[in-house]
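This report concerns only the one structure given below.
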Amino acid sequence: MNKKIIGIDPGSRITGYGIIEASRNSYSLVCHGTITPSSKLAAEFRYKKIFEDLSILLDIHKPDALSVETQFVYKNVDSALKLGMARGVIVLAATLKNIPVFEYAPKKTKMAVTGSGSASKEQVQKMIELLLGEKVPSEDASDALAMAICHAHYGDRYV
């Protein structure tokens, strides 16, 4: 049975998304891209844009699960707060549509895709392209697809 999984790489400036269909250990690409609010917008309106665009994606594709990276504590507290706000609107958008949310650490995501928890972004991107058979020019979308594949691999084992 195929399950549709959306992975999200949260960010206040660029939020990557990637949707796959997963069945056992095979994956097929549904779509990928980024949500990029204008830098001219006030922070609250950037989060609103992320929420609205993600809500539309969830309505169109109706995923069975949403996979998002766990909060990473940066040295810069301001960056951590902004990332937390982006994650909050992502979790809210999914929860309002009764889509289960699963969180994975960056190392676990890299391990699921490349076999190494310390893989570089470039290595993750190349492996995503190999697994899905399509070029993914955005690192943000590639990281989001890695989140989706991570859930397909480690998730609640329904795929």
(request) Report yes if the side chains of Cys31 and Tyr17 come closer than 4.5 Å at any heavy-atom pair, otherwise no. (result) yes
Pair up each side-chain donor or acceptor in residues 46-59 with any protein partner under 3.5 Å, not counting sequence neighbours, and list the distances.
unit_1 : atom_1 : unit_2 : atom_2 : d
Arg46  : NH1    : Leu41  : O      : 2.7
Tyr47  : OH     : Lys82  : O      : 3.4
Lys48  : NZ     : Glu52  : OE2    : 3.0
Lys49  : NZ     : Asp53  : OD1    : 3.4
Lys49  : NZ     : Asp53  : OD2    : 2.9
Ser55  : OG     : Phe51  : O      : 2.8
Asp59  : OD1    : Lys97  : NZ     : 2.9

(request) Determine the minimum heavy-atom distance between Ala112 and Cys150, stating which atoms define it. (result) CB-CA, 3.8 Å
(request) Would you check if there is a donor-acceptor pair between the side chains of Tyr104 and His151 at a distance under 3.5 Å? (result) yes
(message) Could you tell me if the side chain of Met147 sits less than 4.5 Å from the side chain of Glu69, heavy atoms only?
(response) yes
(message) I'd like to check Ile149 versus Ile128 (side-chain heavy atoms, cut-off strictly below 4.5 Å). Are they in contact?
(response) yes
(message) Please say yes or no: joined through hydrophobic side-chain contacts below 4.5 Å, possibly via intermediate residues, are Val91 and Ile99 part of one cluster?
(response) yes
(request) For residues Val30 and Ile20, report the shortest heavy-atom separation together with the two atoms involved. (result) CG2-C, 3.9 Å
Result block: side-chain N/O donor-acceptor pairs under 3.5 angstrom for residues 131-146, not counting sequence neighbours:
unit_1 : atom_1 : unit_2 : atom_2 : d
Ser138 : OG     : Asp140 : N      : 3.2
Ser138 : OG     : Ala141 : N      : 3.1
Asp143 : OD2    : Lys121 : NZ     : 2.3

(message) Under 3.5 Å, is there a donor on one side chain and an acceptor on the other for Ser116 and Thr114?
(response) no
(request) Check whether Val89 and Phe45 end up in the same hydrophobic cluster, where Ile, Leu, Val, Met, Phe, Trp and Tyr are linked by side-chain heavy atoms less than 4.5 Å apart. (result) no
(message) Nearest 0.5 angstrom please: Leu66 CG to Ile5 CD1, how far?
(response) 10.5 Å
(request) Mind checking the CG-CD spacing from Asn2 to Glu21? Nearest 0.5 Å is all I need. (result) 5.0 Å
(message) Has Asp9 got a side-chain atom pairing as donor or acceptor with Thr15's backbone, closer than 3.5 angstrom?
(response) no
(message) Could you see if Ile19 belongs to whatever hydrophobic cluster contains Leu29? Use Ile, Leu, Val, Met, Phe, Trp, Tyr and a side-chain cutoff under 4.5 Å.
(response) no
(request) Please check if Leu130 and Tyr27 belong to a single hydrophobic cluster, counting links between Ile, Leu, Val, Met, Phe, Trp and Tyr side chain heavy atoms closer than 4.5 Å. (result) yes
(request) Return the minimal non-hydrogen interatomic distance between Lys110 and Val124, and the atom names on each side. (result) CG-CG2, 3.9 Å
(message) Determine whether a donor-acceptor pair (N or O, by modelled atom type, separation under 3.5 Å) exists between the side chain of Thr34 and the backbone of Thr36.
(response) no
(request) Work out which heavy atom in Ala86 is nearest to a heavy atom in Pro10; give both atom names and the distance. (result) CB-CB, 4.4 Å
(request) Report whether Tyr154 and Phe102 are members of the same hydrophobic cluster (ILVMFWY, side-chain heavy atoms less than 4.5 Å apart, transitive linking). (result) yes
(request) Can you see which heavy atom on Val101 is nearest to which on Ala94, and at what distance? (result) CG2-CB, 3.7 Å
(request) Provide the closest heavy-atom pair for Gly117 versus Met111 in the form atom of the first, atom of the second, distance. (result) N-CE, 3.9 Å
(message) Given 3.5 Å as the limit, does a donor-acceptor pair link the side chain of Ser26 with the main chain of Ala22, or not?
(response) no
(request) Give a yes or no on whether the backbone of Val68 and the side-chain of Arg87 come within a donor-acceptor separation of less than 3.5 Å. (result) no
(request) Look only at the side chain of Lys4 and the backbone of His61, and say whether a donor-acceptor pair between them is shorter than 3.5 Å. (result) yes
(message) Let me confirm one number: the NZ-OG distance from Lys107 to Ser118, rounded to the nearest 0.5 Å.
(response) 6.0 Å
